[in-house]
Amino acid sequence: MGLFSFLKKENRNYSSDVMISIANEWVEWFISGAPSLVKRTYNRDEIYMFCAWILIDWGRNAKYLTKDSNINGFFETVFQSVRNTGTYQQSDMEQFLFRVSQYKWQVQGMLECDYPRTPMFLPETLFARLTNIDFDNFPPSEIDDDNLLKFADYIGSFWNKVNRDIMKRFPR
């Protein structure tokens, strides 16, 4: 055991409690910095799930969460805490995991966009999820360009901010 091994142990504290606390902090960052929307509001529960997914994804990729980690248990904790708000009508865990795949797909689309060399990627699905649009029934006309452009600009800067924060807290 080395002289500074206690520091490494402290950085490895990637428990559910720590992850939930960080996700809550990021939700506040998101809400306080997000652009105002015309005829729309942000869905706090969905933003919380998005932030929790970022933490889980980082934990997996940076090897903080191993094959022995109870990742499904953490997902269940996130899912249950959102359900307990009484405002989220998610039916089951399978639907939550489907949402997580949508988050990942939308973020990958944004990260792979190389505008103007490639067409600009606008995260319509992520926008619909993180705002109060009825996702299952919304027509494309529900997403006006001004709101989507503001959101796309903001979500990129938010993504960078939380990734800088997580790399500082939990270096690889």
Side-chain angles (χ1 to χ4, degrees), residues 19-62 71 74-167 169:
M19 293 167 75
I20 288 169
S21 173
I22 294 170
N24 281 321
E25 183 180 334
W26 290 355
V27 169
E28 295 309 316
W29 289 358
F30 187 99
I31 297 294
S32 67
S36 297
L37 301 175
V38 178
K39 300 180 187 174
R40 295 276 164 246
T41 57
Y42 292 102
N43 183 336
R44 187 178 205 87
D45 290 344
E46 199 72 49
I47 295 165
Y48 173 76
M49 289 188 293
F50 177 70
C51 292
W53 163 72
I54 295 169
L55 286 158
I56 291 170
D57 195 57
W58 178 269
R60 283 179 172 162
N61 291 327
I71 294 168
F74 180 71
F75 271 128
E76 186 64 41
T77 303
V78 170
F79 173 66
Q80 193 59 47
S81 70
V82 169
R83 184 187 279 173
N84 288 343
T85 66
T87 60
Y88 188 67
Q89 302 303 315
Q90 191 66 26
S91 58
D92 59 28
M93 191 63 174
E94 185 177 318
Q95 283 296 314
F96 175 62
L97 294 176
F98 174 72
R99 271 181 154 66
V100 166
S101 69
Q102 287 184 331
Y103 299 154
K104 185 174 185 174
W105 169 64
Q106 290 284 279
V107 169
Q108 281 178 325
M110 288 190 314
L111 295 174
E112 291 169 2
C113 176
D114 189 16
Y115 185 79
R117 288 187 279 182
T118 63
M120 185 160 182
F121 181 86
L122 296 174
E124 286 183 347
T125 303
L126 191 57
F127 177 77
R129 286 284 185 213
L130 299 184
T131 60
N132 67 347
I133 293 173
D134 176 8
F135 185 80
D136 295 326
N137 301 307
F138 82 94
S141 62
E142 283 284 307
I143 299 179
D144 65 85
D145 291 341
D146 188 44
N147 278 340
L148 184 56
L149 288 171
K150 285 182 199 174
F151 175 81
D153 185 48
Y154 178 71
I155 198 73
S157 64
F158 178 76
W159 177 260
N160 289 334
K161 181 177 181 175
V162 298
N163 276 281
R164 280 190 303 273
D165 185 50
I166 201 168
M167 285 187 277
R169 292 179 197 233

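Remark: Glu25 pairs with Arg169 by the side chain to side chain donor-acceptor pair (under 3.5 Å) rule, at least two apart or across chains. For Ile31, the side-chain contact (heavy atoms from CB on, under 4.5 Å) criterion is met by Val27, Tyr42, Arg44, Ile47, not counting sequence neighbours. With sequence neighbours excluded, the residues that form a ring pair (Phe, Tyr, Trp, His ring centres under 6.0 Å) with Phe158 are Phe30. Listed by chain and number, the residues in a ring pair (Phe, Tyr, Trp, His ring centres under 6.0 Å) with Phe50 are Trp53, Tyr103 (sequence neighbours excluded). Judged as a side chain to side chain donor-acceptor pair (under 3.5 Å), and not counting sequence neighbours, the contacts of Thr41 are Asn132. For Trp26, the side chain to side chain donor-acceptor pair (under 3.5 Å) test picks out Asp165, with sequence neighbours left out.
The line from CG of Leu126 to OG1 of Thr131 is 9.5 Å long, rounded to the nearest 0.5 Å. Atom CD1 of residue Ile166 and atom CE of residue Met19 lie 7.5 Å apart, to the nearest 0.5 angstrom. To the nearest 0.5 angstrom, Asn43 atom CG is 10.0 Å from Arg129 atom CZ. Separating the CG atom in Asn147 from the OG atom in Ser36 is a distance of 9.5 Å, to the nearest 0.5 Å. Here the straight-line distance linking atom CG of Asn163 with atom CG of Asp57 works out to 9.0 Å at 0.5 Å rounding. Between atom NZ of residue Lys104 and atom CD of residue Gln106 there is a gap of 14.0 Å, rounded to the nearest 0.5 Å.
Judged by distance alone, with hydrogens and angles left aside, the side-chain atoms of Asp153 form no donor-acceptor pair with the main-chain N or O of Leu149 at under 3.5 Å.
Ala52 approaches Ala23 most closely through the heavy-atom pair N-CB, 4.1 Å.
A 4.5 Å side-chain heavy-atom check between Ile155 and Phe127 finds every atom pair outside the cut-off.
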Steps toward side-chain contact (heavy atoms from CB on, under 4.5 Å) verdict (Leu148, Glu124): CA-CA 7 Å; Leu148 184 56; Glu124 286 183 347; 3.6 Å; yes
